[in-house]
Amino acid sequence: MISRRSFIAKSSFAVAGVGLAKSGISMSSLPQKKEFPIVISTWNHGLPANEAAWEVLKKGGSALDAVETGVRVPEGDPNIITVGYGGIPDAAGHVTLDACIMDEKGRAGSVTYLEHIKHPISVARLVMEKTPHVMLSGKGALEFALDQGFKKENLLTKERKAAWKKWKKEQREFSAKINIENETELNHDTIGMLAIDKEGNLSGACTTSGMGYKLPGRVGDSPIIGAGLFVDGDVGGAVATGMGELVMKTLGTFLVVEFMRNGMAPAKACEEAVKRIASKIPDYQNFQIGYIALNKAGEYGSFCINPGFNFAIKTEDKTEMEDAEAWLKKL
Ligand code: SD4
């Protein structure tokens, strides 16, 4: 189902990492070389997204431009069926998208329940830059996007429509599977990305089509500042993936950043936020949540509820995937 540790070996870390994986120690819980620029993002689709972000960062571009550019890659890819164009629709067959973006100055923008626009992250950025608001939703978000020159498109691909019809015919109900949010059993979900640029500024982005076959009208954690994404320029940032309801009930990424503010390393802060879910949500074992975090010093970390969550890291001398440590040791 998932490659446990699919390094694209470029650094000596890769060799060390295999041994560490066997010993159950995540590399990001160990002291790291602090280096900028850096970009990290969730799941396997983080690798190509990081590459696009890196093109911006290596030329001295801003972290904000980098995260927007990076997450636009899965948004535009119809084969990534949990983000943007080609995303799995809701139970009524509508592709409804959630996204948000935040920078080191504490500026934030978000769109929820947005239909017909391929790149919700870019709309979220314009909400941040061109309006006095943080969040636009549904019809209003669409009207804003069209006013800003975005093109109205059909986001439901032939394949997703056929799969939705089959799902409907079988009269199946919405159900969340750990690590898998689609019937093809591929490992790809929401993309959350955090980057630090050459200047040391940190930004984050998060974008998704949400849980497949969700109830019409449902909005998840991903566009909610403090739930799906939070950045504090003095401390660091965090993003979340998985069953958004658990993140919303615990304001997960805000919590991770607060733990880092109080001195925790990123991996430990993610672990404590997962433990908060475990202590507050009775049936948490049935769901996946993965957090990744990056502090201002360029140290990163992750943690998840169930094994199977991984994330992508890109620096000058590293291009790799890392498995997050899990609170529950077995699926
Ligand atoms: C949501 N958090 O809509 C998103 C889904 C997700 O990996 O992250 N999937 O609840």
Side-chain angles (χ1 to χ4, degrees), residues 1-2 40-46 49 71 74-75 77 80-84 86-91 94-100 110-115 120-121 124 135 137-138 155 174-194 204-230 238-256 270 273-274 277 281 284 286-293 302-312 323-324 326:
M1 177 193 81
I2 186 171
I40 64 172
S41 59
T42 54
W43 303 108
N44 289 340
H45 56 193
V71 303
E75 278 187 344
D77 184 346
I80 306 292
I81 63 177
T82 47
V83 182
I88 305 172
D90 67 11
H94 301 292
V95 179
T96 69
L97 305 177
D98 294 339
C100 73
S110 152
V111 287
T112 81
Y113 202 66
L114 177 62
E115 291 184 70
I121 198 66
M135 184 182 277
S137 213
L155 303 182
F174 169 81
S175 73
K177 289 189 212 158
I178 293 164
N179 298 324
I180 301 162
E181 285 168 24
N182 56 75
E183 65 281 4
T184 60
E185 313 246 322
L186 296 174
N187 159 36
H188 48 193
D189 296 79
T190 292
I191 185 145
M193 178 179 277
L194 299 161
C206 187
T207 176
T208 189
S209 51
M211 308 299 288
Y213 310 132
K214 60 197 173 186
L215 277 181
R218 184 262 189 189
V219 169
D221 61 316
S222 305
I224 299 177
I225 299 297
L229 164 71
F230 195 70
V239 290
T241 178
M243 183 68 180
E245 281 71 4
L246 281 68
V247 178
M248 292 152 89
K249 287 175 187 168
T250 53
L251 216 49
T253 56
F254 179 74
L255 193 58
V256 171
C270 293
V274 166
I277 291 174
I281 299 179
Y284 77 95
N286 301 329
F287 302 102
Q288 176 65 299
I289 292 297
Y291 290 119
I292 61 172
S302 66
F303 208 81
C304 57
I305 298 177
N306 281 287
F309 168 54
N310 62 357
F311 67 107
D323 285 344

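We use all heavy atoms of the structure for the numbers below, so side chains are in, but hydrogens, waters and symmetry mates are not. In each ligand, atom 1 is the first atom listed, and ligand 1 is the first ligand listed.
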- Message: Name the residue from D189, D221, D98, T190 that meets the side-chain hydrogen bond (donor to acceptor under 3.5 Å, both in side chains) definition with T208.
- Response: T190
- Which of the numbered atoms in ligand 1 are below 4.0 angstrom from a heavy atom of G210? 3 (O)
- To the nearest 0.5 Å, tell me how far I191 CD1 sits from D77 CG. 11.0 Å
- Message: Between Q288 and N306 (side chain of the first, backbone of the second, donor and acceptor by atom type, cut-off under 3.5 Å), is there such a pair?
- Response: yes
- Message: If we set the cut-off at 4.0 Å for heavy atoms, which region of M248 has an atom near ligand 1: side chain, backbone, both, or neither?
- Response: neither
- Query: Just which atoms of ligand 1 are under 4.0 Å from any heavy atom in T241?
  - Reply: 6 (C), 7 (O), 8 (O), 9 (N)
- Task: Give yes or no for whether the N/O distance cutoff of 3.5 Å, strictly under, is met between T190 and ligand 1.
- Result: yes
- Task: Just jot down the ligand 1 atoms closer than 4.0 angstrom to any heavy atom of D221, in number order.
- Result: 1 (C), 2 (N), 4 (C), 10 (O)
- Item | Closest non-hydrogen atom pair between C100 and I224, with its separation | SG-N, 4.5 Å
- ligand 1 to M211, heavy atom cutoff 4.0 Å, flagged ligand atoms 1 (C), 3 (O), 5 (C), 10 (O)
- Query: Sequence neighbours excluded, which residues qualify as side-chain hydrogen bond (donor to acceptor under 3.5 Å, both in side chains) partners of E245?
  - Reply: R218
- Query: Looking only at non-hydrogen atoms, which of G242, G244, P223, G192 approaches atom 4 (C) of ligand 1 most closely?
  - Reply: G242
- Message: Looking only at distances, can you tell me whether any N or O atom of D98, backbone or side chain, sits closer than 3.5 Å to an N or O atom of ligand 1?
- Response: no
- Item | Those atoms of ligand 1 less than 4.0 Å from some heavy atom in S222 | 2 (N), 4 (C)
